[in-house]
Amino acid sequence: MNIELINICKTFQAELVLKDVSGSFDVHSIAVIGPSGGGKSTLLRIIGGLLTPDSGTLKMDGEIITFSKKYLHSYRRNIGFVFQSRGLFEHLTAMENMLLPLVHAFGMAKSQAIEISSKLFERFGLSDEKNKYPFQLSGGQQQRIAIARAVAVKPKLLLLDEPTSALDPEYTAEVLNMLGELQNDGLKTIIVTHEMGFAKNACEKVVFLANKQIVESGDSSQIFKHPQTAELQLFLNKILEWKV
């Protein structure tokens with residue numbers, strides 16, 4: 001899968017968030033890193049068809065993504081989304097949260113949806129949690145269920161926006177282990193993350209976004225060992241200064 005960004009610009013309330021963002025990326029596993037306010041989440045939402053750029057072009061495997069309601073309805077069906085807030089409905093059990101989009105958004109028979117969901121719960125060690133409500137689950141369990149829900153329809157691409165930012169270290173490890181397993185299965189992912197270890201060791205590519213633009217990108221091993229720009233070097237020095 002190839003994603004090409006051509007001069008993508010986005011403004012919110014007269015504030016420029018993305019400025020002429022350009023790049024071409026073969027997607028297997030990409031980590032998007034950078035300082036807060038650099039436009040990472042905005043870029044992810046544009047790639048996912050959740051936001052429309054003010055100008056510029058987005059291509060997926062050479063096809064121009066048309067930001068019309070009819071086109072995006074079809075486009076988004078092939079993309080899974082996981083966000084920081086997890087997005088589980090508090091009044092529904094874990095299983096009901098899984099079934100809701102499968103049955104009502106994708107038109108799947110309930111029996112088939114239950115079968116698929118049960119297999120995912122079992123695979124990721126969540127079978128004991130399927131009848132619990134979100135308030136009865138840990139943050140890590142909630143996030144893993146949100147990821148399972150996103151991959152239940154076998155999307156071509158999974159987009160994740162800081163999926164571990166609100167989690168304690170042990171729950172962060174649970175979520176990252178799950179993502180690593182899905183990536184090993186061949187699921188293509190783009191993840192906005194502040195977890196540098198995961199970006200370095202579990203993602204093939206890294207995109208560094210700062211000052212509203214892509215400043216640097218490349219293989220994760222090289223990005224962390226030999227940053228080519230002063231901006232990335234400064235960012236990594238700050239992030240990694242207190243890592244033991």
Side-chain angles (χ1 to χ4, degrees), residues 1-8 10 17-18 20-36 38-51 53 56-63 65 75-76 78-84 143 146-147 150-151 154-165 172 175-229 231-232 235-236 239-240:
M1 174 182 289
N2 178 268
I3 291 178
E4 186 176 1
L5 308 163
I6 305 171
N7 302 123
I8 297 289
K10 184 64 179 178
V17 179
L18 295 174
D20 293 326
V21 172
S22 297
S24 180
F25 310 98
D26 290 322
V27 180
H28 174 62
S29 54
I30 294 178
V32 182
I33 65 172
S36 297
K40 303 184 298 296
S41 296
T42 300
L43 180 60
L44 196 72
R45 283 163 170 75
I46 288 175
I47 292 173
L50 297 178
L51 281 178
T57 302
L58 169 66
K59 292 183 179 181
M60 186 77 72
D61 290 332
E63 179 182 350
I65 305 306
Y75 174 72
R76 287 194 291 256
N78 293 311
I79 297 177
F81 300 93
V82 179
F83 300 109
Q84 179 180 341
Q143 195 63 291
I147 294 171
V151 303
K154 298 183 178 180
K156 294 181 180 179
L157 175 65
L158 180 63
L159 304 179
L160 306 105
D161 189 4
E162 297 282 13
T164 63
S165 64
T172 293
V175 172
L176 295 182
N177 286 338
M178 181 180 183
L179 286 175
E181 185 175 336
L182 289 168
Q183 289 173 343
N184 289 336
D185 285 349
L187 179 63
K188 294 173 175 58
T189 60
I190 301 177
I191 176 172
V192 170
T193 184
H194 64 282
E195 297 291 342
M196 294 300 107
F198 183 78
K200 178 180 179 182
N201 299 312
C203 297
E204 288 187 351
K205 305 286 185 180
V206 170
V207 173
F208 174 59
L209 198 66
N211 301 321
K212 308 174 181 64
Q213 294 181 312
I214 294 175
V215 176
E216 191 171 340
S217 63
D219 293 341
S220 56
S221 57
Q222 293 303 309
I223 284 285
F224 283 95
K225 288 181 180 178
H226 306 292
Q228 299 298 304
T229 61
E231 292 94 335
L232 178 55
F235 174 77
L236 292 177
I239 292 294
L240 302 176

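- Distance check: Met60 CE to Met1 CE gives 5.5 Å after rounding to the nearest 0.5 Å.
- In this structure, Lys212 has no salt bridge (charged side-chain N to carboxylate O under 4.0 Å, His left out) partners at least two apart in sequence or on a different chain.
- A donor and an acceptor atom, one from each side chain of Ser24 and Glu4, are nowhere located under 3.5 Å apart.
- In summary, the side chains of Gln183 and Thr189 do present a donor paired with an acceptor at a separation below 3.5 Å, with no hydrogens or angles considered.
- Between Leu158 and Leu160 the shortest side-chain heavy-atom distance falls below 4.5 Å.
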- [ ] I would like to know whether Ile223 and Leu232 meet side-chain contact (heavy atoms from CB on, under 4.5 Å); could you show each step before the answer?
- [x] CA-CA 9 Å; Ile223 284 285; Leu232 178 55; 3.7 Å; yes
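- Here NZ of Lys188 is found 11.5 Å from CD1 of Ile190. Values are rounded to the nearest 0.5 Å.
- A donor-acceptor pair under 3.5 Å links the side-chain atoms of Arg76 to the main chain of Gly49, judged by distance alone.
- Between Ile65 and Lys59 there is no side-chain heavy-atom pair separated by less than 4.5 Å.
- In this structure the side chain of Leu159 never reaches within 4.5 angstrom of the side chain of Leu50, judged on heavy atoms.
- Taking CG of Leu209 as the start and CG of Leu43 as the end, the distance is 6.0 Å to the nearest 0.5 Å.
- For the pair Met196 and Phe235, the minimum side-chain heavy-atom distance is below 4.5 Å.
- A heavy-atom distance below 4.5 Å is found between the side chains of Tyr75 and Leu58.
- In this structure, a donor-acceptor pair under 3.5 Å is absent between the side chains of Asn2 and Asp61.
- Applying the salt bridge (charged side-chain N to carboxylate O under 4.0 Å, His left out) test to residues at least two apart or on different chains, the pairs with a partner in residues 38-47 are Arg45-Asp161.
- Residue-environment remark: CG (Asn211) stays at or below the threshold of 12 foreign heavy atoms within 6.0 Å.
- Smallest separation of non-hydrogen atoms from Phe208 and Pro35: CE1-CD, 3.9 Å.
- Here the straight-line distance linking atom CG of Leu157 with atom CD1 of Ile3 works out to 5.5 Å at 0.5 Å rounding.
- Here Lys205 pairs with Asp219 under the salt bridge (charged side-chain N to carboxylate O under 4.0 Å, His left out) rule; sequence neighbours left out.
- Shown here for Pro163 and Leu179, the closest heavy-atom pair between the two residues is CG-CD1, 4.4 Å.
- Within the 3.5 Å criterion, the main-chain N or O of Thr164 finds no donor-acceptor partner in the side chain of Glu195.
- At a threshold of 4.5 Å between non-hydrogen side-chain atoms, the residues Lys10 and Val21 do not count as touching.
- Within the 4.5 Å cutoff, side-chain heavy atoms of Leu182 are placed close to those of Ile147.
- Atom CD1 of Ile8 and atom OG1 of Thr42 lie 12.0 Å apart (nearest 0.5 Å).
- Two residues are said to be in side-chain contact when any heavy atoms from C-beta on lie closer than 4.5 Å; Pro155 and Ile79 fail this criterion.
- Residues Ser217 and Phe25 share a closest heavy-atom pair of OG-CE2, 3.6 Å.
- The nearest pair of heavy atoms linking Ile191 to Cys203 is CG2-SG, 4.0 Å.
- Not a single donor-acceptor pair under 3.5 Å links the side chain of Ser220 to the backbone N or O of Val206.
- Between Ala150 and Val82, the shortest heavy-atom contact is CB-CG2, 3.8 Å.
- The structure places CD of Glu162 at 7.5 Å from OG of Ser36, a figure rounded to the nearest 0.5 Å.
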